[in-house]
Amino acid sequence: MVDFAKIEKKWQRRWYKEKIFDAKPDKKKKKYFMTVPYPYASGPLHIGHGRTYTVADVFVRYKKLTGHNVLFPIAWHVTGTPVLAVAQQIKNKDRKALDQYKYYIGYHESDKSKISKILKSFEEPENVMNYFSKTMINDFKLAGYAMDFSRQFTTTDKDYNKFIEWQFNHLNDKNYLTQGDFPLLYSIEDQNAVGTDDIKDGDTNAVEVSEFTTIKFRFKNEQNKYLVAATLRPETLFGLTNLWINPKEDYVNLKVGNEEWIVSKAAAEKLKYQKLTINAIEKVDVDDLIDKEVIAPITNKKVQVLPASFVDGSVGTGIVYSVPASAPFDFLGLRDLQRAGLYKSIRSVPIIKMDGYSDMPAKELSERNDIQEQTELESINNITKEIYAAEFHKGIMNKNCMDFEGMKVSEAKPIIIQRLLTDDNGFTFYETSRKAVTRANNNVIVAVLSGQWFLHYGNEKWKNDTRNTFKKIEVIPKRFRKLFDNAIDWLDKKPVARKRGLGTKLPFDKQWIIESLSDSTIYMALYTVINTIRENKLKPTQLTLEFWDYIFLGKSTTQKVSKNTGVSTKLLNSMKSEFEYWYPLDQRHTAIGHISNHLSMMIFNHEAIFGPKKAPKKITLNDMLIREGTKMSKSLGNVIPLAKVQDKYFIDLFRAYCIYAAELSSLLDWREQDVQALRSKINQFYELMEKVSKNKPKKKDTTWLESRFHTNLEKAQTHLENDNPRHYFQVMFYDMMNDVHYFIRRNNGSLDGIEKIAKEWITAVSPAIPHIAEELWEKFKGPGFVSTSTWPKFKKNKINKEIEEAEKTIQKTMSDINQILQITNKKSAKTIYIYVIPPELKKYKEAESFLSGIFNTKVQVFASNDENKIDPDNKASKAKFGKPGIYLN
RNA sequence: GCUGGAGUUCCAGAGCGGUCAAAUGGGCUGGACUUAAGAUCCAGUGGCUUAGUGCCUUCGCAGGUUCGAAUCCUGCCUCCAGCACCA
């Protein structure tokens, strides 16, 4: 087997040494600006990332070959919280994290002492991102991407900050930024919002903010004193029989305004963070509450407060209202009390009817599942879920539900919530969807943050402009268009800043840091000038609003801006014209998952900042990569890092597999068996071409071969123009291979003639397998690099349909003969007689010796009207155009 | 649950009202060639047949429209993605 890794390293060295992918504006050439989102630098890249970059790279290389001046830059995304979380875990000596990152570093380092030193340095978040952005460059170079590395930056660089500040000033000027309240996950101990990465098991068992509705039950005979219960199902209020309170939990009395509320102690803590002014908190004796009577809002029903052990003070308000008809816990709680002879007079009240269940589903399912004890938590939770889902989706409110009778549960619920809120009989209480703690074991609660900044994608004008602009953007594969339409419609208020994490501060409210999706919407523009900014060492203080306004929007005059910023007019003009040269973006390629956030926000923000003329022209997408039918994941240990591909396989094999093994719109399954099959195909291609390059050819008729090449070339070209790399590769590699094999066979194994198409063919496969193409290009003495050469010119006059057709009929005849041999169970015939119609005689006569070689026997061709033919079975009469009669002796 | 998307023969994936047992590529099985391996070539890859054919059953499931459906309609099932502060 050829040592492809060696070949690849050789060409990678040369490409990047000679900087053949670094782009400069060139007015004489048509430009092509392609980007893939910059990777997040908190860990190494794997082959899943690789798929996306590879697909883009194939497009890029094709554009380059077709004479475009291509810019394909890259940068590193580090804003946000994940890097912080990584550093924190390393600092905390989290076993899993330490092992994980030790392993990651091992991708690039072999020296053990160095590894632990690097690992130690990860206690500082900056070091994590510096390390990975550095190693990612290597990963990309190992993959042979035609990237311009001269324009890289990270999203915490000072000049990047200035650029983002400029963007947000404009958004603010346009009134696209608003402020308001917002609930989010929060840790009281850390005094901070917490993200998925900060929560223990947050990645595997997601925590969300759920919206409870509290209901205030007024104590009988007391004006302003309430028991406050929290529920996810306020529509069941009509089935109320009693309230539950747990005598073993701590409860407190809160003074809120002129009211007194009783809730659990834990709930009181949480309520402090939910925009509530609490004047005083006093402990209450639970025993005093048991058996008290309270009055429900809406129904005005009087019920008693009963003790229950299943009530958890740390969930909701620690007070639960009881609906034994629908809620299994309530049913069981009441049942057990009544079995003990207590509260005998309480009767369940059915409230919802639905197909497939009785009107007391809690009783029905508890009995069906034979639940004896309130402690059988798992079963009880399961049936609770079942009933909730069934009632919500299928249930109809029954006659006990006052004016809600006949309404679907799903319709009644929001109306009831609204009524409770407007009459001040309840309020919205945010709670975590499960009990959660941070990695440092601090409780996670929900806090309502005031003054949260939002980007208001719901702004009608903005939305409409964006819709209109989107109409002109091409989306490939087409079927994803609709997803964009929906996302653009649906995006409304997007929280845009947070209190922690890395990133750019909101310029007019510096306590906020711009969140990491929102600072990644128009950065492609920065690629066009960042190299100039860096080369000329412009200081952040020079990168003023005026500076960006001039370069990107053409505002003000060169002289003025130059005077105010100290940047020379020459430099200003050169940056301005470079931006105008490259922009708009010609193509954005990324994974499907980004449609509803990143990609849609990119369109919105381009619209807001640059206007419709600078909108990206095309968005192409691909699905994810899985391995042997399973998702790749850390926990399964089946992740293949991009850095290991060259050693384990070779990069061109990976590249070819990525584009050929699945359509863009579907999952790519990395299957070892198929990969190995492709490996031998590529190997074969390489060895064949190597032989051809050493062959001293004799003159050969290559009409057919050239015709096939150009037929395939035209198809391949069309596929690439239509952004279908898979079909391109199938035609240009597989189909062409088959044709070449046939050609060789037809010439009795001689390689003569193949050299005529060799260089063109090598060029045409080079976007997919550039390293191998480069090596072969050298063997065929092509000038310079194949990567910077020219896509073969499609020559229509080389296509000779007649010859191709004639060859096809001979192939068909071969297959007919084979079939007859097969059917008659003969291994061979003594003589094969072929009777063709007179116009086909010449072609078949020429093929006589070829066929005779193939079948290893005598082959005689006659014209069907030949009087001297040998034809014992009168098969000559069967001869038709393109289908001769055949007789086997 | 909501919003989208998808379910075709071993795999990937064409086909989108008749020419469809269903392109193409891959895999697998058998054969030819070869000292052997690889490559190449041939055949098979739903069932039964046949001198280069013909028939039957199939395209998630169940119905419907039609002379005729993988293709159109309805319902259902299953899978995938996104669902917002998270990159």
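Letters go in sequence order (proteins before strands), and every chain restarts at 1. Below, all heavy atoms of this structure are taken into account, side chains as well, without hydrogens, waters or symmetry copies. Here the structure is a predicted model, which is why all the values come from computation and not from measurement.
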Using atom [atom1] of each nucleotide, how far apart are [N] and [M] to the nearest Å?
N: C72(B); M: G5(B); atom1: P; value: 14 Å
N: G82(B); M: G17(B); atom1: P; value: 33 Å
N: C61(B); M: U71(B); atom1: P; value: 11 Å
N: A36(B); M: G27(B); atom1: P; value: 23 Å
N: C59(B); M: A12(B); atom1: C1'; value: 16 Å
N: C76(B); M: A22(B); atom1: C1'; value: 26 Å
N: G13(B); M: U65(B); atom1: P; value: 34 Å
N: U35(B); M: G25(B); atom1: C1'; value: 33 Å

If I take atom [atom1] from residue [X] and atom [atom2] from residue [Y], how far apart are they, to the nearest 0.5 angstrom?
X: Asn747(A); Y: Asp752(A); atom1: CG; atom2: CG; result: 7.5 Å
X: Thr54(A); Y: Asp652(A); atom1: OG1; atom2: CG; result: 10.0 Å
X: His77(A); Y: Asp519(A); atom1: NE2; atom2: CG; result: 4.5 Å

From the options [options], select the nucleotide whose nearest atom is closest to the side chain of [X].
X: Gln684(A); options: A84(B), A39(B), G26(B); answer: A39(B)
X: Asn486(A); options: C86(B), G13(B), U3(B); answer: U3(B)
X: Tyr660(A); options: C11(B), G25(B), A12(B); answer: G25(B)
X: Tyr887(A); options: A51(B), C86(B), A84(B); answer: A51(B)
X: Asn738(A); options: G25(B), C42(B), A12(B); answer: G25(B)
X: Arg498(A); options: C41(B), C11(B), C86(B); answer: C86(B)
X: Ala677(A); options: C41(B), A84(B), G27(B); answer: G27(B)
X: Glu515(A); options: C86(B), G25(B), U40(B); answer: C86(B)
X: Arg726(A); options: A84(B), G25(B), A12(B); answer: A12(B)
X: Asn597(A); options: C11(B), G25(B), C83(B); answer: C83(B)

Carboxylate-amine/guanidinium contact Arg51(A) Asp623(A), below 4.0 Å: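 No salt bridge links Arg51(A) with Asp623(A).
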Less than 4.0 angstrom from a charged side-chain N to a carboxylate O is my criterion; do Glu391(A) and Arg233(A) meet it?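 Counted as a salt bridge, because a side-chain N and a carboxylate O are separated by less than 4.0 Å.
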Checking all strands, does [X] fall into the base, sugar-phosphate, or nothing category for heavy-atom contacts under 4.0 angstrom?
X: His598(A); answer: nothing
X: Leu517(A); answer: base
X: Pro39(A); answer: nothing
X: Phe454(A); answer: nothing

Between Asp492(A) and Met737(A), which is nearer to the 5' end of RNA chain B once each is assigned its nearest nucleotide?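 That would be Met737(A).
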Given RNA chain B, 5'-ward residue of the pair Thr79(A) and Asp674(A), judged by closest heavy atom: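 Its nearest nucleotide being more 5', the pick is Asp674(A).
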Trp512(A) six-ring centre to Lys505(A) NZ/CZ under 6.0 Å and within 45° of normal: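 So Lys505(A) doesn't make the cation-pi contact.
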Report yes or no: is the cationic atom of Arg679(A) (NZ for Lys, CZ for Arg) under 6.0 Å from the centre of the six-membered ring of Tyr657(A), at an angle within 45° of the ring normal?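 The answer is no; the distance or angle limit is not met.
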Can you check the [X] [atom1] to [N] [atom2] distance for me, whole Å?
X: Leu599(A); N: A84(B); atom1: CG; atom2: P; result: 18 Å
X: Trp670(A); N: C11(B); atom1: CH2; atom2: C1'; result: 16 Å
X: Glu663(A); N: G25(B); atom1: CD; atom2: P; result: 15 Å
X: Tyr734(A); N: G13(B); atom1: OH; atom2: P; result: 15 Å
X: Glu672(A); N: G27(B); atom1: CD; atom2: P; result: 14 Å
X: Asn724(A); N: A14(B); atom1: CG; atom2: P; result: 9 Å
X: Ile659(A); N: U24(B); atom1: CD1; atom2: P; result: 21 Å
X: Ile592(A); N: G5(B); atom1: CD1; atom2: C1'; result: 9 Å

Just N and O in the side chain of [X]: are any of them under 4.0 Å from OP1 or OP2 of [N]?
X: Lys681(A); N: U40(B); result: yes
X: Lys482(A); N: U3(B); result: no
X: Ser665(A); N: G5(B); result: no

Below 4.5 Å, heavy atoms only, C-beta onward: do Phe484(A) and Ile619(A) meet side chain to side chain?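 In short, these two side chains touch, coming nearer than 4.5 Å.
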Whether Tyr38(A) and Tyr523(A) hold their rings parallel, tilted or perpendicular, with breakpoints at 30° and 60°: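 Rings of Tyr38(A) and Tyr523(A): parallel, under 30°.
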Decide yes or no on salt bridge (Lys or Arg N to Asp or Glu O under 4.0 Å) for Glu515(A) and Arg498(A), but give the supporting numbers first. CA-CA 6 Å; Glu515(A) 164 276 333; Arg498(A) 27 165 57 209; over 6 Å; no
Involving RNA chain B, stems made of at least three consecutive Watson-Crick or G-U pairs, both distances under 3.5 Å: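 Result, WC/G-U stems under 3.5 Å: B:1-7 with B:77-83, B:10-12 with B:24-26, B:27-32 with B:40-45, B:46-48 with B:54-56, B:60-64 with B:72-76.
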